[in-house]
Undergrad: 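Dumping the structure here so I can ask a few things about it.
Residue numbering restarts at 1 for every chain, and letters A, B, ... go by the order of the sequence lines. What you see is a predicted model; the values in this text were computed from it and never measured.
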Amino acid sequence: MNENQPVLEFVREGRASLPTDVDARVMAALRLRARSTWGRERVLVPAVLLLGVLVLGGVAWRQRAHEPAASPSMPSAPQGPQGQGPPKPVAPAEFAGELFVFLDAATTFAGADFVAVINIHFPSGVLAKDGYQGTVLRVLQGDAALAGSKVWLRWNSKPPGRPNVRSCFDRVDLARPGAGSHGAAWLMALSRDGEHDGAPAFHSPFAFGLPATRTALAPPPAAGNSVTAHVRSELLAALGDSDGDVRAQSLAALCDWDGTAAATPGTDSPWRDPTIAKQMLAMATDRDDAVRERLGTSVPAFLGDQGKKVVERLLFDRCAAARRSALAGVQRFGKPEWFAELFGTQAGLWAELTFAPTFHEWDWKCEQKAQAEGITTRLGSFERQMRKGIPENDLIAAFGFRTLDDPAATMHLRELLTRTDARVRAAAATGLVQRGERGAFDALRALATGDDPVGAICALDGLRTVQRPESLDIVVVASHSSSPVVRAMAAASLRDLQGLGEHLVAARLREMEQDAHELVRLAARGGD
Amino acid sequence: VPSLSTRDLAALYREHAAPVWNAALHLTGDPATAEDVLHDVFLALARGPTTAIATPRTYLLRAALHRVRDLLRRRTPTLAGELDALLGHAPGPELAAIAGERASAVTAALSTLPLAQREVAVLHAFEDMSFRAIGELCGISEDTAASRWRYASEKLRVRLARQGVES
């Protein structure tokens, strides 16, 4: 017997059979190629792709990108409601012109020129840390010959070194010689449950650009379009996803996309189903700030009273960014009389710093500036901000120090308590009470019951997060403020603190339901 | 060279996709890359064969071989990959899940060979090709193919003996 025979047998026993999912994907690509080459009408049914992910690629231009909530940068000083959204911002001079913009493909790919539905080869198609591969399943607009082409989806991991900042897919490269980046993209992507662990952020951040792509600019896909129906059903299912970003982005996508269809007379939209509106109302109390923030800007006007109820509930949200987005949303249902008063108290930079995604961006920017001067620690980065002596920089520093478990940070917070800007004092005092310095409640009390409504609201925001008897005492006093906006926010804060005194809170809220001002009554009823 | 009809293409795919994927898998050691190879080979065929197809299996295997060489040449070496190769680490659990334990073990063993020897081993073992045929496919002489197999099988035999497979 040949001495190499056992080796031969060993190797032969390792023959692997072609996995069915690989077979299905390659066959799908061949079918599409055949269709584009020979004009055969063959439609691939996405359901057969057991491990597939559907990506609807698209030109992403959205009005939201230009709305205040999407590119936040607001002044702290009250302004009139002449604008269409919350006021324009005063950012620290150091950051002028580089205010944070979400890393959304909508912005990245404005002006892209084709829309594709891409079947991602996944997870076996994971090529590297920065990319996924796929096959263009169907070209909705643009070069039809792209069907069947292979693409790489490039993972935009910027900003570098900031794992806490969500990234997105930002480029689709065609795997064709000389094709390069097509500068195009997608409308949405959804992974199936089984694949979720492999790419937890896969379909959330970059569904950001979904809706108003060509789908909104051009007539919506015809009813019965299997791809459209599939995408929509996936989006609806994603509203119950465990990932807050997924819920938020899917919601935004649905609202913009289906909202276009629903607003068009004669179209059949699932939004006409009353259960969807109820689902949105439930999302107004979602545990994730990002979902509520997104909800405010997404609720379509055609939802009528249901939609109005959603944004009114968000107007008193514990997250300032959600309140600000609700302020933009409420205008779609007409501008109520109290709008101007509420509008004037929305401190833009405060909203950004209290909202985790935007705070991380500021944090990162501060760090970049500091590193340019050889400062390598976060403490040093925020100290640098504090040294500028400008209220907005102080505010950033205060929020930064709140995140640091460092005695020096506590010392700086004490120093910031002496600043003249009410927002800075509120942020610093909240940070100190969160560290157990009960003396800082005095500062919060002075702010919450003072004459400056912006300072009072900032202080109330802080008190809502500190479950201590002192918090409840201060909020009860603030609920008698002469400012209806402060009374309304105090009512909302009382709800958050009701565990500290149920009877007291219930009695006070009942009184406030009889308040002379509609805004206060609304807040006391919990936005209902 | 005339293009293939859809029917012919489908027939070729049905008959040869599995062996092409198997060869690509054992040459690259990576199911995702093997899928790439399969995809590219048949998509290129759909666009139109570059030469006349005398023997479809040989044509497709040659195309797969060229594609594998291209891909491996372009692959950026990583420290982790080099260490794996150095230590003879088995491919990850993903491969075992997709292709089976035995295939995974064989792939691990083959991955310790240089590509030139791996090509000969794969074609000889899985396709039962003679050294003359392998030589024609790979563009080498029959003797070279035979000697590459000899080197490859010797290395594999040592490896298997070390793992107790032979005994």
Undergrad: Give, as side chain, backbone, both or neither, the part of B:Phe42 having an atom under 4.5 angstrom from any heavy atom of chain A.
TA: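 Its backbone and side chain both get close to chain A.
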
Undergrad: I need the B:Leu38 CG to A:Asp23 CG distance, nearest 0.5 Å.
TA: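 Those atoms lie 8.0 Å apart.
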
Undergrad: Is the backbone of B:Ala125 close enough, under 3.5 Å, to the side chain of A:Arg12 for a donor and an acceptor to pair up by distance?
TA: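 Yes; judged by distance alone, with no hydrogens or angles, the pair exists.
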
Undergrad: Please classify the contact between B:His124 and chain A as side chain, backbone, both or neither, with a heavy-atom cut-off of under 4.5 Å.
TA: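 Contact with chain A involves both backbone and side-chain atoms of B:His124.
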
Undergrad: Hey, what do you get for CG (B:Asp128) to CG (A:Leu8), rounding to the nearest 0.5 Å?
TA: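 If I round to the nearest 0.5 Å, the distance is 7.5 Å.
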
Undergrad: Identify the heavy atoms of A:Gly14 and B:Ala103 that sit nearest to each other, and give their distance.
TA: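 Looking at all heavy atoms of both residues, the shortest contact is O-CB, 3.2 Å.
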
Undergrad: With a 4.5 Å heavy-atom cut-off, do A:Ser17 and B:Trp21 have their side chains touching?
TA: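 Counting from C-beta outward, A:Ser17 and B:Trp21 never come under 4.5 Å.
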
Undergrad: With a 4.5 Å heavy-atom cut-off, do B:Val122 and A:Val11 have their side chains touching?
TA: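 The answer is no; the side chains never approach within 4.5 Å.
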
Undergrad: Please name the pair of heavy atoms, one in B:Ser153 and one in A:Val7, separated by the smallest distance, quoted to 0.1 Å.
TA: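 Heavy atoms of B:Ser153 and A:Val7 come nearest at O-CG2, 3.7 Å.
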
Undergrad: At what distance, to the nearest 0.5 angstrom, does CZ of B:Arg157 lie from CZ of A:Phe10?
TA: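 These two atoms lie 14.0 Å from each other.
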
Undergrad: Counting only non-hydrogen atoms closer than 4.5 Å, does B:Ala109 touch chain A with its backbone (N, CA, C, O), its side chain (CB onward), both, or neither?
TA: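 It is the side chain, since no backbone atom gets that close.
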
Undergrad: Between B:Asn22 and A:Arg15 (side chain of the first, backbone of the second, donor and acceptor by atom type, cut-off under 3.5 Å), is there such a pair?
TA: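 No, the answer is negative, given that no donor and acceptor are paired below the 3.5 Å cut-off.
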
